[in-house]
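Each remark here refers to the structure printed beneath this line.
Throughout, a chain's letter reflects where its sequence line sits, starting with A, and its residues are numbered from 1.
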Number of protein chains: 2
Amino acid sequence: MNKEEAKQQLIEELGVHFESEYSLPPLAARIFANLVITEEDGLTFEDCLTKQCASKSSVSTSLNLLLQMDFIKYFTKSGDRKRYFKIANKDAFFIGKLNAVLKKLEKELEMIKKVESYNIVHNPQKHEANKEKKKIYMKCVEDTKAIYRKAIEDLKNTQE
Amino acid sequence: MNKEEAKQQLIEELGVHFESEYSLPPLAARIFANLVITEEDGLTFEDCLTKQCASKSSVSTSLNLLLQMDFIKYFTKSGDRKRYFKIANKDAFFIGKLNAVLKKLEKELEMIKKVESYNIVHNPQKHEANKEKKKIYMKCVEDTKAIYRKAIEDLKNTQE
DNA sequence: CAGTTAGTTCGGAAATAAACAAACCAAAAG
DNA sequence: CTTTTGGTTTGTTTATTTCCGAACTAACTG
């Protein structure tokens, strides 16, 4: 398998992964995948257009979505009106991911607490029955959060 | 706020949460939310139908989806043709969730390794640049997995 | 066996999401 | 000032998802 083939295949695979992982529309996921694995330092609007065989408007929407989600950023070159898009920054890829998981865990905890509050008031016996399990689960979430926070710190300290 | 109001509001809120958290269709998410917070020991098909103001066919589809995803189970009462649906089991709710996260992390690792393999062959310099970050991220994922595995064990040992 | 109960299945309608084409705009170049 | 470049915006089309109604089935009931 040559490089171009390997690349295309990996983009498709990564694209599918990103769709579910980050709830991205298919085209945005593919564009992001392309930016993740490209060896170039930044791809232009046109690059994205031709590489994904998509329409201008769809590429525009997708790139703006990715920008707004902080998945990508762009830079310019003086004397060149094009924008060059690249993934937000080498760490952001991981940090963003870690933060996303953290946020989900926070939300999950919040929902569990709401259910708990409801049960304390309206279903005391049910609350008693689940107390121990909730405790284990919550500890697990807290431990995970600690690990993630540390990893984010570590990543930040790896700046080159 | 009375109990019924508090309950309805919580069901809606939990429902919205489950939609994104577990990628469930709206109706299935609401039915599951209802089963999570109900004080009854199991709700019938009809209960789900009337409480959600949905059609028979939609309730049927939703309940079967939830069954197939192992989110819920049912039991029967002798001399009663109805099925009583309830959440899969008190631990399964958490264990299932933890396992789902574990699976996602595994998949994530797998994708990262694929990108890494591609870079080793086709983009050695890029690979070198990201080596340290990948290492931190991977350690983080492994640590998380360990915590989750332990929590699952702990939950299993809490059987009443 | 005729009806009722507790659902399932199938075909389609309604809602939502994703992508597109075409018209548009602002900055730079000729 | 006209044209080209690098996009954006708007309105539509297409695809997919979600839900529903109506017809069906299998088990029980009288």
Item to check | Nucleic acid footprint by protein, nucleotides 17-24 of chain C - heavy-atom cut-off 4.0 Å, B for base, S for sugar-phosphate alone | outcome: -SSBBB--

Next on the checklist: Closer than 4.0 angstrom, basic N to acidic O: yes or no for K131(B) and E116(B)?
Outcome noted: no

Item to check | Length of the CG-P vector between L63(A) and dT8(D), whole Å | outcome: 8 Å

Item to check | Side-chain donor-acceptor contact under 3.5 Å, N64(B) with T61(B) | outcome: no

Next on the checklist: Taking K51(A) first and then E46(A), would you say they form a salt bridge - that is, a charged N and a carboxylate O separated by under 4.0 Å?
Outcome noted: no

Checklist entry - Rounding to a whole Å, what distance do you find between Q68(B):CD and dT8(C):C1'? => result 15 Å

Next on the checklist: Nearest whole Å is fine: how far is dA28(C) C1' from R81(A) CZ?
Outcome noted: 5 Å

Next on the checklist: Can you measure N64(B) atom CG to dT9(C) atom P for me and round it to whole angstrom units?
Outcome noted: 7 Å

Item to check | Residue pair S55(B) / S58(B), side-chain donor-acceptor N/O under 3.5 Å | outcome: yes

Item to check | Residue list, ring pair (Phe, Tyr, Trp, His ring centres under 6.0 Å) with F45(B), at least two apart or on another chain | outcome: none

Checklist entry - Once you round it to whole Å, what is the distance between P of dG6(D) and CG of L43(A)? => result 15 Å

Checklist entry - To the nearest Å, how far apart are K77(A) NZ and dT5(D) C1'? => result 17 Å

Checklist entry - Is the phosphate of dG7(C), meaning OP1 or OP2, less than 4.0 Å from a side-chain N or O of R83(B)? => result yes

Item to check | Length of the line joining F45(A):CZ and dT9(D):C1', which is rounded to integer Å | outcome: 12 Å

Next on the checklist: In this structure, how many angstroms lie between the P atom of dA6(C) and the CG atom of L67(B), rounded?
Outcome noted: 17 Å

Next on the checklist: For K113(A), give me all partners under salt bridge (charged side-chain N to carboxylate O under 4.0 Å, His left out), at least two apart in sequence or on another chain.
Outcome noted: none

